[in-house]
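Here's the structure we're looking at; comments come further down.
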2 protein chains.
Amino acid sequence: MTTAPGSTRDAIVSAALELFRERGFDGTTMRAVADRAGVSVGNAYYYFSSKDELVQGFYDQLVAEHRALALPELTGHADLADRLRIALNAWITAAEPYREFAGRFFAVAAQPGNPLSPFSPDSGPARAAAVDLYREVLSGARVDPDPELARELPELLWLQHLGIVLFWVHDTSADAARTRLLVDRTVPIVARLVRLSRLPVLRPLGRQVVDLVRLLKG
Amino acid sequence: MTTAPGSTRDAIVSAALELFRERGFDGTTMRAVADRAGVSVGNAYYYFSSKDELVQGFYDQLVAEHRALALPELTGHADLADRLRIALNAWITAAEPYREFAGRFFAVAAQPGNPLSPFSPDSGPARAAAVDLYREVLSGARVDPDPELARELPELLWLQHLGIVLFWVHDTSADAARTRLLVDRTVPIVARLVRLSRLPVLRPLGRQVVDLVRLLKG
DNA sequence: GTAGTGTTTTGAACACGTTCAAAAGCCGGG
DNA sequence: CCCGGCTTTTGAACGTGTTCAAAACACTAC
């Protein structure tokens, strides 16, 4: 009666994602997940060492969806502000169905040492994918920032993304309207900063920022 | 056998703070808190509707300690960078004993809708006190920023403070050395930005930032 | 086939946060 | 003194995430 390899694990993940969407994170019990997956509670813990760990699957999926949504929309836009706005709004759209659940998720992820933290080694691949999206946002844009700064810019834009996400998680307005407003206000600022980064007065500032990002990276 | 008014409540808070420091947040059970306070579990829940709520006391205390530590050290310094560095390092010093526990605390606080969130109404007083400290950091400094910006600057500096705290919570280096390094790198950038805010090229940028902060505030 | 070995699965048991109905204490008015 | 209504206190009970020893299974070697 053995099914495909890894099928137990998969069954558990899908059951969990279904239930998370249906009843939120807190409303979903491990017993319910195990039930729907057709296994015992203990078995679920054989594959995932905690309830928190079950959501890494969600995170990976979300990053992939964001990318899939954003990339096609980017073609034909060369203005950095436009491209940024597109990427950030794509996130909001992709993440919308999970808002309640995502709140809990990001709270968990904010916990230091938690493998779900965006800064943790375990999130390495997902983080790389996210940063990479912003690399593409930049490479398709008609911009010419200070070259030193340019190298760290994808990481910086991803940090901006994290900030927006943090706001979104707390945003209870309909269809995340306030977050979209925040995006509209933030994007021109960032775009202008990037453009101004070549100005002689601002060069030392750019250097300091570059140093800072390198420190943050370890 | 009644003791002073409010004494039950106080006993529970102190018991909780003691235990949090001794064994961390997760290591402290409500049963243990009740035991040490000399009351029943149910009674603890009569005063505090959840375990999370018990730490608001900690938060208030920390903000007060930070203020008490920072203010005296500020006298005699007129350079904005110096003053900022002093304020931020004072935080690190004040918070150091609670690092492990604080990690959990801020994770809880990051949860949307949680009364402990720094953006929630319940944290209003503590937030106001924190913002106020940065108002004093500014008012004692020899600076002359764009006047529009000046009005929102305390809030902005507090946001910087939150960013540093977020990093600190994840920082496992001895004596928070990496966070102190981050402070050393961040402070000159912020100070320079404030100084440059009068430059004509940067005026529109300043306006955008001011708009942004006003949006964030409501 | 059977014995042995590692992997997977089970479900009862545990510890915890939280709830709740009932008890105990308190206090003003008759 | 005691009645009635309040605040406070109790501890057993519930539902949850998690653990664990034991069972079931899969496979290899003989």
Side-chain angles (χ1 to χ4, degrees), chain A residues 1-20 22-58 100-101 103-105 107-109 111 113-116, chain B residues 1-20 22-58 100-101 103-105 107-109 111 113-116:
Chain A
M1 241 271 227
T2 319
T3 27
S7 88
T8 303
R9 198 191 164 86
D10 288 351
I12 295 169
V13 179
S14 348
L17 284 187
E18 274 175 38
L19 286 167
F20 285 159
E22 280 173 35
R23 321 184 191 166
F25 186 77
D26 288 334
T28 301
T29 72
M30 287 302 278
R31 285 164 181 81
V33 171
D35 264 15
R36 183 163 302 191
V39 300
S40 68
V41 213
N43 201 202
Y45 277 92
Y46 179 74
Y47 288 100
F48 300 91
S49 62
S50 73
K51 188 180 175 186
D52 288 350
E53 203 166 284
L54 272 176
V55 301
Q56 181 81 49
F58 157 76
E100 184 276 343
F101 159 42
R104 267 313 299 245
F105 169 66
V108 166
Q111 237 163 131
N114 191 291
L116 287 176
Chain B
M1 241 268 227
T2 318
T3 26
S7 89
T8 304
R9 199 191 164 86
D10 288 351
I12 295 170
V13 178
S14 351
L17 283 186
E18 274 175 38
L19 286 167
F20 286 158
E22 281 173 35
R23 321 183 191 168
F25 187 77
D26 288 334
T28 300
T29 72
M30 287 301 280
R31 286 165 179 82
V33 171
D35 264 16
R36 184 164 303 190
V39 301
S40 69
V41 213
N43 201 7
Y45 276 92
Y46 179 76
Y47 288 100
F48 301 91
S49 61
S50 72
K51 188 179 173 185
D52 288 350
E53 202 166 285
L54 271 176
V55 301
Q56 182 82 49
F58 157 75
E100 184 275 346
F101 160 43
R104 268 311 301 246
F105 169 67
V108 168
Q111 241 164 129
N114 191 291
L116 286 176

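Each chain gets a letter, A, B and so on, in the order its sequence line appears, and its residues count up from 1. The figures here come from the full heavy-atom set of this structure, side chains too, leaving out hydrogens, waters and symmetry mates.
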For residues 31-38 of chain B, which side-chain N or O atoms pair as donor and acceptor with protein atoms under 3.5 Å away, sequence neighbours left out?
from   : atom 1 : to     : atom 2 : distance (Å)
R36(B) : NH1    : E18(B) : OE1    : 2.8
R36(B) : NH1    : E22(B) : OE2    : 2.9
R36(B) : NH2    : E22(B) : OE1    : 3.4

Output for pair (T8(B) OG1, Y47(B) OH), nearest 0.5 Å, gives 4.5 Å

Separation between CG (N43(B)) and CZ (F48(B)), nearest 0.5 Å, reads 10.5 Å

Rounded to the Å, how far apart are [X] [atom1] and [N] [atom2]?
X      : N       : atom1 : atom2 : value
F48(A) : dT8(C)  : CZ    : C1'   : 14 Å
D26(B) : dT18(D) : CG    : C1'   : 13 Å
Y45(A) : dT16(D) : OH    : P     : 12 Å
K51(B) : dA15(C) : NZ    : P     : 16 Å

Taking the six-membered ring of Y46(B) (Phe, Tyr or Trp), confirm whether the NZ or CZ of R9(B) is under 6.0 Å from its centre and within 45° of its axis. no

Here the residues of residues 30-38 of chain B within 4.0 Å heavy-atom distance, strictly under, of DNA chain C are M30(B), R31(B)

Of the listed dT16(D), dT18(C), dT19(D), the closest approach to the T29(A) side chain comes from dT16(D)

Residues passing the side chain to side chain contact (heavy atoms under 4.5 Å, CB included) test with S49(B), sequence neighbours excluded, are E53(B)

Residues passing the side chain to side chain contact (heavy atoms under 4.5 Å, CB included) test with Y45(A), sequence neighbours excluded, are M30(A), V41(A)

Contact list (N/O, under 3.5 angstrom) for nucleotides 7-9 of chain D vs protein:
from   : atom 1 : to     : atom 2 : distance (Å)
dT8(D) : OP2    : Y46(B) : OH     : 2.6
dT9(D) : OP1    : T8(B)  : OG1    : 3.2
dT9(D) : OP2    : N43(B) : OD1    : 3.2
dT9(D) : OP2    : N43(B) : ND2    : 3.4
dT9(D) : OP2    : Y47(B) : OH     : 2.8
dT9(D) : O5'    : N43(B) : ND2    : 3.2

Across all chains, not counting sequence neighbours, the side-chain hydrogen bond (donor to acceptor under 3.5 Å, both in side chains) partners of S40(B) are none

Minimal heavy-atom distance between T28(A) and R23(A), with the atoms involved, is OG1-CB, 4.2 Å

